[in-house]
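Take a look at the structure set out below.
Computed over heavy atoms, backbone and side chain alike; hydrogens, waters and symmetry mates excluded.
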Amino acid sequence: MARIILFGGHGRVALLTEPLLTARGDQVTAVIRNPDHAAEVAETGAAPHVADVEQLDAHELAELIVGHDAVVWSAGAGGGDPARTTAVDQDAAIRTMTAAALAGVPRFVMVSYFGAGPDHGVDPANSFFTYAEAKAAADEHLRGTGLDWTVLGPGALTAEPGTGKIDTAAAESAEVSRANVAAVIAATLADPGTVHRTIRFIDGDTPIEAALSEAGA
């Protein structure tokens, strides 16, 4: 049993991840911004906690994190407003990394996307550019910390049923179901071999646990 705090607890991937974790006996704190979402989160077995990560400083975030065994960052501004995208996907994410260190909780799983990185190649005129920049900055910051980090880079998300099988060797992004992403998050948290690794993946033919092991080989 592990105690996991998941930021972005009402996201579509998070709502699929939480029941996987609670079903195996983990205790999950799901951080959400909107109190109207608390009941839906509670139905997954997770404990909803209402907090606005944009407004909390590192010490306040550390107070939320302390006592847990792992942090999952799956929060995001959802696009649209560039200023808010930077505030959440970059700045709040980085503050949460600092907070995890302050709280003495080194395990940190970042949910990013397949093409994230300084060389993301997104045109500055594209509305996706701010998000790409924010994720690149947050991911790079995480890799430079002393945390036991894993960066997960799923491909284009779909609502297809989960297959439990992925491809971690693909050279280019393609589709991956949110259910498979949720299963990868759960498997990553249970696999210490994923620490200090960036794992990009899409739907594939290899069972998730085996694919994660192969990615680290």
Side-chain angles (χ1 to χ4, degrees), residues 1-78 84 87-89 91-112 138 142 145 147-152 154 157 159 161-162 164 177-192 194-195 208-209 212:
M1 184 191 78
R3 296 162 296 177
I4 297 160
I5 183 166
L6 193 158
F7 288 88
H10 187 256
R12 283 180 285 181
V13 169
L15 288 172
L16 295 171
T17 305
E18 288 151 6
L20 297 179
L21 299 176
T22 58
R24 72 186 187 192
D26 293 341
Q27 294 180 358
V28 182
T29 302
V31 180
I32 57 176
R33 189 167 65 95
N34 187 342
D36 293 342
H37 296 156
E40 187 177 1
V41 168
E43 288 176 1
T44 70
H49 184 98
V50 179
D52 188 346
V53 295
E54 285 185 76
Q55 305 302 321
L56 300 181
D57 65 24
H59 291 280
E60 291 167 327
L61 287 164
E63 290 177 4
L64 289 183
I65 294 170
V66 70
H68 291 87
D69 300 307
V71 176
V72 176
W73 181 268
S74 188
R84 186 159 183 268
V88 176
D89 292 272
D91 299 343
I94 289 172
R95 282 199 305 277
T96 303
M97 298 167 203
T98 302
L102 289 171
V105 181
R107 189 69 175 109
F108 199 108
V109 176
M110 168 66 76
V111 182
S112 188
L142 179 58
T145 68
L147 298 171
D148 293 337
W149 57 266
T150 304
V151 175
L152 297 177
L157 303 178
S177 69
R178 290 183 180 86
N180 276 350
V181 177
V184 168
I185 294 169
T188 296
L189 287 164
D191 183 356
T194 61
V195 171
I208 286 170
E209 284 83 359
L212 293 179

Check the pair Val195 / Arg107 against side chain to side chain contact (heavy atoms under 4.5 Å, CB included), numbers first and verdict last.
CA-CA 8 Å; Val195 171; Arg107 189 69 175 109; 3.8 Å; yes
Residue pair Glu209, Asp191: steps toward the side chain to side chain contact (heavy atoms under 4.5 Å, CB included) verdict:
CA-CA 8 Å; Glu209 284 83 359; Asp191 183 356; over 6 Å; no
Quick one: do Ile4 and Glu18 satisfy side chain to side chain contact (heavy atoms under 4.5 Å, CB included)? Show the steps, please.
CA-CA 10 Å; Ile4 297 160; Glu18 288 151 6; over 6 Å; no
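Atom-to-atom distance recorded for Met110:CE and Trp149:CH2 is 11.0 Å, nearest 0.5 angstrom.
For Glu40, the side-chain hydrogen bond (donor to acceptor under 3.5 Å, both in side chains) partners two or more places apart in sequence, or in a different chain, are His10. For Arg3, the salt bridge (Lys or Arg N to Asp or Glu O under 4.0 Å) test picks out Asp69, with sequence neighbours left out.
Considering only heavy atoms from C-beta on, Thr17 stays 4.5 Å or farther from Val72 through its side chain. Using a 4.5 Å cut-off on side-chain heavy atoms (C-beta onward), Phe7 and Val88 make no contact. Residues Arg95 and Leu56 are not in side-chain contact: their nearest non-hydrogen atoms beyond the backbone lie 4.5 Å or more apart. Residues Leu142 and Thr145 have side chains in contact (heavy-atom distance under 4.5 Å, counting atoms from C-beta outward).
Of all non-hydrogen atoms in Ala138 and Asp89, the two that sit nearest each other are CB-O, 3.5 Å. Closest heavy-atom contact between Ala103 and Ala62: CB-O, 3.7 Å.
The environment of CZ in Arg12 is sparse: at most 12 heavy-atom neighbours from other residues, nucleotides or ligands sit within 6.0 Å.
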Indicate every side-chain donor-acceptor pair of residues 25-34 with a distance under 3.5 Å to a residue at least two apart or in another chain.
| from | atom 1 | to | atom 2 | distance (Å) |
| --- | --- | --- | --- | --- |
| Asp26 | OD1 | Ala2 | N | 3.0 |
| Asp26 | OD2 | Arg24 | NE | 2.8 |
| Asp26 | OD2 | Arg24 | NH2 | 3.3 |
| Thr29 | OG1 | His68 | NE2 | 2.8 |
| Asn34 | OD1 | Asp36 | N | 2.8 |

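Of the possible donor and acceptor atoms, none in the side chain of Glu63 sits under 3.5 Å from a partner among the backbone N and O of Glu60. Side chain of Thr150 to backbone of Thr194: a donor-acceptor contact under 3.5 angstrom is found. Side-chain N or O atoms of Arg178 include none that pairs as donor or acceptor with a backbone N or O of Leu15 at under 3.5 Å.
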